Amino acid sequence: MSKGVTPRSQDYARWYTDVVQKAELADYGPVKGTMVIRPYGYSIWEALREAFDMRFKATGHVNAYFPMLIPKSFLSREAAHVKGFAKECAVVTHTRLMADPDGNGVVVDPDSKLEEELIIRPTSETIIWHMYKQWINSYRDLPILINQWANIVRWELRTRLFLRTSEFLWQEGHTAHATSQEAQEETERMIEVYREVVEDEMALPVIVGRKTEAEKFAGAVDTFTIEAMMGDRRALQCGTSHYLGQNFARAFEVTFRTQDNDQEYVYATSWGVSTRLVGAMVMAHGDDKGLRLPPRVAPIQVVIVPIFRDESRDRVLQTATSLTDGLQKVTVRVKLDDRDTVSPGFKFNDWEMKGVPVRLEIGPRDVEQGVAVVVRRDTGEKQSLPLDQLAAKLPALLEEIQTSLYQQAVDFRAEHTQRPGNWEAFKTLMKAGGFARCGWDGDPETEAAIKAETKATIRCIPLDENPSGLKCVYSGQPAKYEVVLARAY
RNA sequence: CGGGGCGUGGCGCAGUCCGGUAGCGCACCUGCUUUGGGAGCAGGGGGUCGUAGGUUCAAAUCCUAUCGCCCCGACCA
């Protein structure tokens, strides 16, 4: 492995790819656009999944699993939805392979062609609503609050590890309600859950808002989003929650009897976050030494690197081992790196690349004095602390690092967010990179023109918008909305 | 799908113009010395040069075909 990563300032895209691979988060799969999530990357995903899952359950949801293969006909039900996904669906046409009659290898058995082709889910709305039709008869059957953790496939052209791959892992919540109001409350409840996890656990500040007509989910009435700023000042959509109205209920003919014995279509929501969030953490917190993980989701919070010569080996390792045991008792996720095959210097760099929040160095001198060198990954700051105080002090230090990473991200975003007063200032900002908060006249043509001229999109209409007195940054007309614009991933 | 580029040990590349014993760096293995910021030295293993034809005494190199991949332009968590 060559040393280090490409500096961010030199080539941000390459820096990202370098970090993902060198921190052993993921690797490329053999099929274009596919990704192997390696154990270290997967354990980060597990931490995120746990943080979300406990909150889903606390808000009344249950997990279930629906099939990956979907009859092709299901996709022709909801017009807008089809339009959104048809172009990127993988299709299963045959069910068998056979030995190649002309020589080596295998070929598709032409006799195994399916009568109805199957598609691999690009999202599960259709199959879930097919099932909901069978499960819902009465208002007594509502609400249904189901979530599933699954993989999905979208045949993407331009792919990047975690950010956009042909197959990815995610969570999709699909709920059915008796009233529009209840479904809308659910939509907003879940975007708030997303905000909480991303900000509190991932230390990543987000802007909560609604998507414009052009940017919302195919088939949704209303889409809520959380948007974060990455290290190159571009925006990344980190999670979405959709109010689907009765669109899917109509498409799949899901009706229920009300208390008054009327027949009505069910109201729906869906919401999801994906492994893209792992990429978001890399890009939001990483530096030229690699990853910087927020302690709450770091698979390893504290790594202990022993430093010894032959004659001091036993003493140092004994101290390091008992320190490891002691810290594990205060529920710090700690790892003793006792590898004999690499040097301490290599380990320092290795764990910095992997973003471990705190490193403890223990050498012969430290053992003599009963101390350890404590190094923060976020600031690089070093200090010596007595061994017997570590168990008491480390939990607080980890919380401090968590807060510090969040604050650094908040400050960075603030530095690169402006309110451009005119079109020229806006263009300059978009070219330099950053978030623009400004007025929009609400016209889709204006939105399209802005995108065509600057590649910037309306990331969202923030919940705390206030358009009064604002003018549209493009047309100069009175603003109908206050929006956040940026170039996005 | 339009434009540009590349296929040579695990990874990154040189060699191709001008045919003549397949090389370099990293990684890997063994040994010794090392270990407080990516250790040093010595030795070692590993490639039918994307594939298939052709030209030639001889092809990584020339010719033809073919496959695959990457980058840039219209969509997306």
Side-chain angles (χ1 to χ4, degrees), chain A residues 1-5 11 13-14 17-18 21-22 27-28 30-33 83-89 103-105 121-123 150-160 162-172 194 198 211 214-218 220 223 225-228 235-242 270-280 289-290 305-313 316-317 337-353 359-368 371-373 375 380 382 384 448 451-452 455 457 488-489:
Chain A
M1 196 197 313
S2 60
K3 293 180 186 178
V5 292
D11 184 341
R14 195 159 157 210
T17 307
D18 284 354
Q21 291 184 89
K22 293 196 173 178
D27 212 339
Y28 292 101
V31 174
K32 178 177 155 60
K83 202 160 167 284
F85 289 107
K87 282 169 292 191
E88 48 187 20
C89 286
N104 39 18
R121 63 180 165 218
T123 176
N151 59 335
I152 62 175
V153 169
R154 296 178 187 175
W155 214 263
E156 299 283 355
L157 302 176
R158 293 267 288 120
T159 58
R160 293 189 72 191
F162 288 113
L163 300 180
R164 181 173 300 107
T165 48
S166 292
E167 178 189 3
F168 58 88
L169 303 183
W170 78 343
Q171 144 290 301
E172 47 182 324
Y194 288 166
V198 174
K211 286 292 188 184
E215 296 284 332
K216 75 183 190 191
F217 175 70
T223 290
T225 180
I226 49 173
E227 300 280 331
L236 184 74
Q237 180 174 308
C238 289
T240 48
S241 180
H242 316 288
S270 71
W271 26 275
V273 294
S274 74
T275 38
R276 167 180 267 195
L277 288 174
V278 178
K289 289 179 172 177
V305 177
I307 297 152
F308 49 77
R309 293 162 188 270
D310 279 346
E311 82 277 2
S312 52
R313 180 192 177 91
V316 170
L317 276 183
D337 185 356
D338 57 1
R339 283 178 293 177
D340 228 351
T341 49
V342 293
S343 68
F346 181 92
K347 292 176 185 178
F348 296 166
N349 288 287
D350 191 33
W351 293 114
E352 279 167 0
M353 183 65 69
R359 177 177 77 239
L360 301 181
E361 305 172 13
I362 301 181
R365 294 200 300 268
D366 304 308
V367 173
E368 296 298 321
V371 300
V373 177
V375 188
K382 293 188 184 187
S384 255
K451 187 176 178 182
K455 292 183 183 168
T457 48
Y489 276 98

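Every chain is numbered from 1 and lettered A, B, ... according to where its sequence line falls, protein lines coming before strand lines. Bear in mind the structure is a predicted one, so any value in this text is a computation, not a measurement.
Contacts of A/Leu163 with the nucleic acid, taken as non-hydrogen atoms under 4.0 Å apart, include base atoms. Residue contacts shown for A/Gly363 include a base, since a base heavy atom lies under 4.0 Å away. A/Phe168 comes within 4.0 angstrom of a base, heavy atoms only. If you check every strand for non-hydrogen atoms under 4.0 Å, A/Thr457 touches nothing. Using a 4.0 Å heavy-atom cutoff across all strands shown, A/Arg359 reaches at least one base atom of the nucleic acid. Within 4.0 Å (heavy atoms only), A/Lys382 reaches at least one base atom of the nucleic acid.
Applying side chain to side chain contact (heavy atoms under 4.5 Å, CB included) to A/Trp170 and the options A/Thr275, A/Val273, A/Ile152 leaves one that passes, A/Ile152. Results of the side chain to side chain donor-acceptor pair (under 3.5 Å) test with A/Thr223 over A/Gln237, A/Lys216, A/His242 single out A/His242 as the only residue that passes.
To the nearest whole angstrom, the two C1' atoms, one in B/rA27 and one in B/rA39, are 16 Å apart. Between B/rA59 and B/rG50, the two C1' atoms lie 16 Å apart (nearest whole Å). Spacing of C1' atoms, B/rG54 relative to B/rC6, comes out at 24 Å, to the nearest Å. Comparing B/rA14 with B/rG7, their P atoms sit 7 Å apart, to the nearest whole Å. Spacing of C1' atoms, B/rG15 relative to B/rU61, comes out at 9 Å, to the nearest Å. Look at the C1' atom in both B/rG68 and B/rU33: the space between them is 47 Å, to the nearest Å. Spacing of C1' atoms, B/rC49 relative to B/rG40, comes out at 34 Å, to the nearest Å.
Remark: A/Val375 engages A/Arg359, A/Glu361, A/Val373, A/Lys382 in a side-chain contact (heavy atoms from CB on, under 4.5 Å) (not counting sequence neighbours). Checked against ring-ring contact (aromatic ring centres under 6.0 Å, His included), A/Trp271 has the following partners two or more places apart in sequence or in another chain: A/Phe56, A/His61.
Atom OG1 of A/Thr165 sits about 12.0 Å away from atom CZ of A/Arg160, to the nearest 0.5 Å. With rounding to the nearest 0.5 angstrom, the CG atom of A/Asn349 is 8.0 Å from the NZ atom of A/Lys289.
For A/Arg164 against B/rC76, a side-chain N or O and a base N or O form a donor-acceptor pair under 3.5 Å. Below the 3.5 angstrom threshold, one finds a donor paired with an acceptor across the side chain of A/Asp366 and the base of B/rG36.
With distances taken from any side-chain atom of A/Asn349 to the nucleotides B/rG38, B/rG36, B/rC76, the minimum falls on B/rG38. When distances are taken from the side chain of A/Gln237 to each of B/rG37, B/rG36, B/rA77, the shortest belongs to B/rA77. The side chain of A/Glu156 lies closest to B/rC75 when the candidates are B/rU35, B/rG36, B/rC75. The side chain of A/Asp350 lies closest to B/rG38, out of B/rA77, B/rG38, B/rG37. For A/Met353, the side-chain atoms get nearest to B/rG38 when compared with the rest of B/rA77, B/rG37, B/rG38. In this structure, of B/rC75, B/rG37, B/rC76, it is B/rC75 that holds the atom nearest to the side chain of A/Lys87.
For A/Arg309, the CZ atom counts as loosely surrounded, since its 6.0 Å shell holds 12 or fewer non-hydrogen atoms of other residues, nucleotides or ligands.
Nearest heavy-atom pair, A/Ile362 versus A/Ala372, reported as atom, atom and distance to 0.1 Å: CG1-CB, 3.9 Å.
If you find the closest nucleotide of RNA chain B to A/Lys216 and to A/Ile307, the one lying nearer the 5' end belongs to A/Ile307. Mapped onto RNA chain B by nearest heavy atom, A/Ala214 and A/Gly33 fall at different nucleotides, with A/Gly33 at the one closer to the 5' end.
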Give me, pair by pair, the N or O atoms of the protein and of nucleotides 39-43 of chain B that are less than 3.5 Å apart, along with how far apart they are.
{"from": "B/rA39", "atom 1": "OP1", "to": "A/Ser343", "atom 2": "OG", "distance (Å)": "3.4"}
{"from": "B/rA39", "atom 1": "OP2", "to": "A/Ser343", "atom 2": "OG", "distance (Å)": "2.3"}

